[in-house]
Each structure stands twice: as C-alpha cells, then as structure tokens.
Amino acid sequence: MNTSYAAQKDGVFPSVCSLDCPDTCGLLVHKKDGKIIKVTGDPAHPVTQGAICNKVRNMTARIYDPKRLKYPMKRVGAKGEGKFERITWEEAIGTIAEKWKSLIAKHGAESILPYSFYGNMGILNAEGMDRRFFHHLGASQLERTICTSAGTIGYAYTMGGSYGTDPEETTETKLFIFWGCNAVSTNMHQVTLAEKARKNGAQVVVIDVHKNQTGRWADWFIPILPGTDTALALGLMHVLFAENMIDETFLADYTFGHEELREHVKQYDPASVSEITGVPVEDIYKLARMYGTTSPSFIRIGNGPQHHDNGGMFVRTVACLPALTGQWHVRGGGAIKGNSGFSAVNFQVLQRPDLLKNRTRSINMNQIGEALTELTPPIYSLFVYNSNPLVVAPNGNKVRDGFAREDVFTVVHDLFLTETAHYADVILPATSAFENLDLYTSYWHYYVNLHQPVIERYGESKSNVEVFRLLSEAMDFTEQALKDTEEEMIRQMLDDSVNPYLNGITYEKLLETPCMKIDRSKRPVFPGTLPTPSGKIELYSERMEKEGLPPLPTYEPIREEETFPLLFVSAPNHNFLNSTFSNNEVHVKLEKIPRLHLHPEEARKRGIENGEKVRVYNRRGECELTASVGENVLPGVAVSQGLWAESPGTKQLVNVLTPSRLADMGGGATFFSARVEVEKLS
Ligand SMILES: Nc1nc2c(c(=O)[nH]1)N[C@H]1C(S)=C(S)[C@@H](COP(=O)(O)OP(=O)(O)OC[C@H]3O[C@@H](n4cnc5c(=O)[nH]c(N)nc54)[C@H](O)[C@@H]3O)O[C@H]1N2
Ligand SMILES: Nc1nc2c(c(=O)[nH]1)N[C@H]1C(S)=C(S)[C@@H](COP(=O)(O)OP(=O)(O)OC[C@H]3O[C@@H](n4cnc5c(=O)[nH]c(N)nc54)[C@H](O)[C@@H]3O)O[C@H]1N2
Ligand code: SF4
Ligand SMILES: [Mo]
C-alpha cells in the first residue's frame, strides 16, 4: 500500500480514468521529475487489460496544456468577452460568499443554482460534497437529465433498476446487437470482448442511423431512420411470437404481462414496421430469426435512440427482448443499458438530502437556457462545475442569452477557460482527477476503484470537494458533514446494508486492492427478484399505466414539426469526450474538422459537393460544417459528430440546432430529434 504516490517524483503509479465513459479503465501514470510523461493502460485491470483509447493516451497534453487554468480570476470585460484578471483564492471565495449572502437576504437561496455533470466521474467530486453544500444552502436543485435519464427510467420500468449482463461474460456470446451504440468510439472494451467472442463464431449486428466506425466493423449493419427503433423492436417481438421463438418457461416464471404483450404486438407486423423504420421487411424477419435462434445473444443498448422524444419508451421496449428469449439465464446473454445499480453507493449518507430544510424548486438542466431567460422568480447566480453548458446543452442560443444576463453572478470551476467560463464573473481553477483521492464505479463493468492522487496539484488549482469545503466555511456553515474528509466520505458511502452487492468492499480492502469486483451472488439470483412492483420483468407495467404512460411497449413518432426536411443527429466523435478535448490541440488535429454526413441524393438536390462548406440551420440557430457526402446515412438524415468548441471565425456549435424539449420519461434530453435544412455556403 502506498498513499503518497503524488509525493514521489519518479515511477509508474496506478490510476483510473475519470472521464464519463462506460469503460472506467485502469491506468498507469508514468512520472519523471514529478511530472506525468505518459499515460498507459493498466494490464492488471481485469476488464480493460492495459488497452486505453486515443483520447487518454494523449492525456498528458491536456494536463500540461499551456492553456490550463493556474489561479482564480475575476471578470474585467463584458460577459462573453473573455477578459479576466488574476485574484487570490481568498478574494475569490470571499467574493462568492459575500454575493451569495446578499442574494439570500434579498431573493432567497433559491435564486442560486448549481449546474454540473460528470466531467469528472469521481463520486466525491461529481456528486458528493457539492450535493451536501447545495442542500445545506437551500439552492434551487438541478435535475441532471442531460445524458441517460430517459433510458434509465425506461429500463427501470421493465427491469426495476440499472442491472444488466456482466460484460466479462460476453466473451461467450454468439450474437451481439449494438443498438444505437457507437461502441468502437464510446465503449471500446465491449468491442474487444466481442472480438474475442467473434473468434468463436459470434456475429455482430449494428443498428444505427450512421455507418460510422462501429457500423463498418459490424458483420451486418442495419441502417434505420432516427427515432423509429421502438417500432423495430416491436416488429421483432411480433415475429418472435408469431414463429414461436419464445422461451415460454422463462416468460411464465420471470415475467409479468406476457399474454398482454403477445396480443399487443400482433399490430406491429413487419410490413408496417418497415414503413416506419426504413428497414426492409426481409431484414426484419432475418434479424428476428437470428435473435430468436441464437444463444447467448446480447444487446448493448446505446444512448443514440435514447436521445429522442421517445427515448424512454425505446429503452423500456428493447429491455423486454432478452426476456422473450430467456436470455437472462444464459451466461453471456441479456443486455446492458447500464450496470450502475450493482455498484450504487449509499447516496443518502453521501449527499445528505436531509440537510435541505425546505423543499426547493428543481430545474431541468436540459432547459437551462429557458430557466435563465424565462423563469420567475429569476435565477441570480450560477455555480458551474464538471460541465460546459455553452457547448453541451440543447438550444444553445437560448443558453448563451441566459449566460449573457448581466444580473446573473456566475462562477465557473474548470481546468480550462471554456466557452462557459467566458461568461463567468469568477473563475476557479480545478485539479485534474489525477490530483485527487476519489472512488470510481463503472456504469458498464462490475468493478469499484479507489483512486489515490498520483501528482501534486497543478498551480493553485483545487478539487471540487475542497472548493465546497472552503465555501461552507466562508458561508459560516458549521455542519460537520461539510467538513468531512475524502476518506471519511468514502467510508460512509460504501454501505452494504443499502446495497448488498458492495458486501466485502471497504476502504481498508480497497487500500490493499484498489480495484474490486461487486459480488452478484450476494443477492437472490438475478433476474429472480427484481425491484419492480411485481418483482418480475414487467412486459406490462401497471406503474406506467398509473403514471399516464402506455403500460405496454408502444411506438410513438418524434415530435419535431416537419418544417425542415432533414432529421439531424449530432452524435459524439472519436477523439473528444463530449466537449472535453475539443480545446486541446492534439485531439483537434486527430479529429480534423467538424463534418455533416449527407446522402448523395440530398446533396445533389442542394447542389452540394463532398468537402464543401455548408450552412445547417433551423428556427433555433445555424452552424457551418463541411459536407461529407456518401451512403453512410439514409436519405432524409444528416449526421454530425462531436461537440466542437467555438474558435474565432467558426460557427460550429451544433447545439444551437437541438431542441430543449423533454423526452417521454425522466425529463431526458432530445438532442437527436432535431430537424434542419442545409445549403451550400457561398
Ligand atoms: N469517444 C467518445 N466516447 C464517449 C463519449 C464521447 O463524446 N466520445 N461520450 C461518453 C458519454 S457521456 C456517453 S453518454 C456515451 C454515449 O455513447 P453511445 O451509447 O455510443 O451513444 P451516442 O454516441 O450518443 O450514440 C450512439 C449511436 O447512436 C446513433 N443514433 C442516433 N440516433 C439514433 C436512432 O434513432 N436510432 C439508432 N439506432 N441509432 C441512433 C448515432 O449515430 C451513434 O452512432 O459515450 C461515452 N463515451
Ligand atoms: N448535440 C449533442 N449534445 C450533447 C450530447 C450529444 O451526443 N449531442 N451528449 C450529451 C451527453 S450524453 C452528455 S453526458 C453531456 C456532457 O456534457 P458535460 O458534462 O458538460 O461534458 P464535457 O463537455 O466533457 O464538460 C465537462 C467539463 O468538466 C470539466 N472538468 C473535468 N474534471 C473536472 C473537475 O474535477 N472539476 C471541475 N470543476 N471541472 C472538471 C472539464 O474540463 C470540462 O470542461 O453532453 C450532452 N450534450
Ligand atoms: S475515455 Fe473511456 S476508453 Fe478512454 S481511457 Fe477513459 S475509460 Fe478508457
Ligand atoms: Mo453522456
């Protein structure tokens, strides 16, 4: 055991990737003279086994990027102008506390809003001390819905919670369906595992609106029209029932409502489904028969179809498929939407919602633009950390209008002067995750990882936990929970009385073995007892019925009006992680330029040639991308990749085009249910 890696100048030290990525890779940090010279994969990690992505192999360039923030600053120019002046931490924290005290006196604490997401997945720094602080403050609450909330709720209606297959078992899988998941870029180790299975004859099917790296890697790529996947899943069920490719024993023992579903899916015949989805009738039969006759079969449910108006229902629907074929009882069979249920820590003691004395309003992060420009009583202060809303939040022009408000006191805590930071009154420099003690869990594999700081703090930077402890002190809060150390908080949250899967994983044990697997045997056999109302896999959901939703899986089209002709999907890219790395030269060079993929038919209609600059627009905004013309998208569809930072003279914020409407469930984001027109830029 070694608790002072950071103090050692030379050597190779274990670490874990802090980025918002399912793989949560084990890393090795190579140091010379106290500085990182290289980041590689840790071969000892049971799942990620020494392989890491390009993004993190180039992490050193980001950690020591000359643009990294070294000290606190205050704004001296207009909002958005980017003019700042160095101040001390004392002045920074003092200014914030003073401003907040006066805002609370005048408008109440609800005039203050935290805005954060998972720029750092460390539990303490992403959702620990910050939550305690803002609960105690009585600030407006943020609904953190930008990523996966529609699908998480949808999956839970069927399965009770975020429980899925152990990815390590998928080396035994015979059929993989990557459904709206760009795994080659976004979940590379699931691809490695599938490659192993492929050596034993496994087939890989990819269903996507874009034939990207993952589609090109597949044995069979099935292009589909955006937002229509629920219909395809229902079409598969239709064929599975019609052709008796059903595990009737599993249905009887482990599911609720199978007779209702059997009746219900009769209406989703392949001909009608083909009309909706653009998938040929024979392909619907072929896929259904493949799925119905291959075992183990495994579905990786991605975020693509989930970022639509009907995203919750899609995930709820596709989550029913493995039950129909009894795949939950087959090693290597089943599905993964997310596995965070297995590693859930005790969030009550971690986040202390009891510190919130009065109920406060809550604001959906997908509508931050509207919240800042339309809400009464207004928001007068924002504290942004672990997120870059000016680039990542939908309806970007509204977001910018909100951040430009002179009467909003904005603090941004980040490693870089992001687009969002340009609108800050006070900027605080953040440590990188390499500098922090924290606990990591994966939302894909089954391991929990303790992270010891591997380098000393950069410049005057401070971690999120430290900042909230300092703010607590400056606000004169005396509550002990706001003074707890990182170690104390980790001990508190690892509580197996709340989550039996964490049994045996303690702080002491993690000091010896920093990477430990949750133990699935500690609970009645999955899927035998699920946290659904019936305890079974719910093909029919009375809970949904009570909540005014269709109790059976049902296809509903997306809601964007058809004023603009092309469906626009702005997906992530290979070399950035959301907007992270979009401001680091190495990563930008690898990714080259932001493109718009268009079918030749659509390009021809508009006189657009491959490689030409185009203007992409709708009622909400416009941006300028470079046309990539080819048959890797269907006619009627336009796809961009990557959340690019704005550089002078460019217009490449795709989120100015995306809707801030909320999805059917969980207040989820609907980024991909956008429509646009495209024209050649003269
Ligand atoms: N390299 C890289 N890795 C990442 C990220 C990143 O930005 N870059 N982001 C991380 C985060 S936060 C997340 S949430 C995950 C997301 O990773 P994924 O789960 O892979 O989700 P997305 O990349 O959003 O979308 C996946 C695919 O869905 C497709 N798609 C869009 N709409 C539809 C549709 O209606 N139907 C179907 N079938 N396909 C559709 C897109 O073309 C895309 O190829 O990745 C994480 N990993
Ligand atoms: N059009 C479109 N928009 C999307 C998506 C899409 O596919 N298409 N994907 C959506 C999804 S799935 C997600 S998850 C969101 C992600 O959106 P965000 O969570 O905003 O992700 P990033 O853009 O990576 O920004 C994270 C920021 O946190 C900072 N950071 C990192 N570590 C720390 C730390 O320890 N402390 C502090 N204070 N800051 C830190 C980073 O420097 C970076 O600026 O974007 C969403 N937006
Ligand atoms: S971003 Fe994902 S794949 Fe890359 S090192 Fe981090 S966890 Fe691994
Ligand atoms: Mo995400």
Side-chain angles (χ1 to χ4, degrees), residues 15-27 39-42 45 47-48 51-57 59 62 68-69 115-122 124-126 130 144-149 182 185-191 303-304 306-307 365-366 383-394 396 411-421 428-436 438 440 442-445 461-465 467 568-573 576-584 640-643 645 653-658 668-672 674:
S15 177
V16 53
C17 181
S18 64
L19 295 175
D20 186 354
C21 169
D23 298 50
T24 318
C25 292
L27 305 179
V39 178
T40 58
D42 184 352
H45 192 286
V47 184
T48 63
I52 57 168
C53 66
N54 227 10
K55 306 182 286 293
V56 172
R57 263 202 308 269
M59 189 59 127
R62 178 170 167 89
R68 195 169 153 191
L69 298 171
Y115 192 96
S116 78
F117 208 61
Y118 291 86
N120 173 354
M121 290 286 294
L124 294 176
N125 283 287
D130 56 321
R144 291 174 173 84
T145 47
I146 207 162
C147 177
T148 181
S149 62
N182 184 10
S185 298
T186 64
N187 187 192
M188 63 175 275
H189 294 91
Q190 186 60 72
V191 169
N303 239 11
Q306 189 250 177
H307 270 164
M365 72 187 297
N366 293 317
F383 189 102
V384 183
Y385 57 106
N386 282 357
S387 185
N388 186 11
L390 258 289
V391 181
V392 308
V411 183
V412 175
H413 184 210
D414 203 297
L415 289 80
F416 288 92
L417 192 71
T418 57
E419 290 68 12
T420 308
L428 306 174
T431 48
S432 74
F434 290 137
E435 294 149 60
N436 305 332
D438 214 325
Y440 290 84
S442 165
Y443 49 88
W444 170 66
H445 63 58
S461 63
K462 291 189 193 296
S463 74
N464 301 359
V465 176
V467 166
F568 174 60
V569 171
S570 50
N573 64 6
F576 304 165
L577 201 124
N578 302 316
S579 78
T580 298
F581 301 119
S582 69
N583 57 349
N584 301 117
S640 73
Q641 286 192 301
L643 299 176
L653 296 181
V654 287
N655 271 321
V656 301
L657 300 167
T658 55
T670 59
F671 290 110
F672 300 165

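Whatever order the structure lists them in is the order used to number ligands and atoms, beginning at 1.
- Heavy atoms of Thr431 approach ligand 2 to within less than 4.0 angstrom.
- Of all the atoms in ligand 2, the ones that sit under 4.0 Å from a non-hydrogen atom of Ala430 are 36 (N), 37 (C), 38 (N).
- What sits closest to atom 6 (Fe) of ligand 3 on the protein, heavy atoms only, is Cys17 SG, 2.3 Å.
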Could you walk me through whether His413 and Tyr385 pass the ring-ring contact (aromatic ring centres under 6.0 Å, His included) test, one step at a time? CA-CA 5 Å; His413 184 210; Tyr385 57 106; 7.5 Å; no

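- Scanning Phe672, Phe568, Phe117 for the heavy atom closest to atom 14 (S) of ligand 2 points to Phe117.
- Near Lys55, the atoms of ligand 3 lying under 4.0 angstrom from a non-hydrogen atom of the residue are 1 (S).
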Could you go through Val384 and Phe117, starting from their C-alpha distance and side-chain angles, then the distance that decides it, and tell me whether this counts as side-chain contact (heavy atoms from CB on, under 4.5 Å)? CA-CA 9 Å; Val384 183; Phe117 208 61; over 6 Å; no

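- When ring centroids are compared, His445 and His45 come within the 6.0 Å threshold.
- Relative to the six-membered ring of Phe581, Arg62 meets both conditions, a distance below 6.0 Å and an angle of at most 45° to the axis.
- Counting heavy atoms closer than 4.0 Å to ligand 3, residue Thr48 contributes nothing at all.
- Distances below 4.0 Å separate heavy atoms of Thr24 from the following atoms of ligand 3: 7 (S).
- Contact annotation: Ala433 has no heavy atom less than 4.0 Å from any atom of ligand 2.
- For ligand 2, the polar-atom distance check finds an N/O of Asp414 within less than 3.5 Å of one of the ligand's N/O atoms.
- At a 4.0 Å cut-off, not a single heavy atom of Asn125 sits close enough to ligand 2 to count as contact.
- Not a single heavy atom of Phe576 lies less than 4.0 angstrom from ligand 2.
- At least one N, O or S atom of Cys53, from either the backbone or the side chain, sits less than 2.8 Å from atom 4 (Fe) of ligand 3.
- In terms of protein heavy atoms, atom 8 (Fe) of ligand 3 is closest to Cys25 SG, 2.3 Å.
- Ligand 2 has an N or O atom lying under 3.5 Å from an N or O atom of Asn386, backbone or side chain.
- Residue side and main chain included, Cys21 places an N/O/S atom under 2.8 Å of atom 2 (Fe) of ligand 3.
- In this structure, Arg62 has a heavy atom closer than 4.0 Å to ligand 2.
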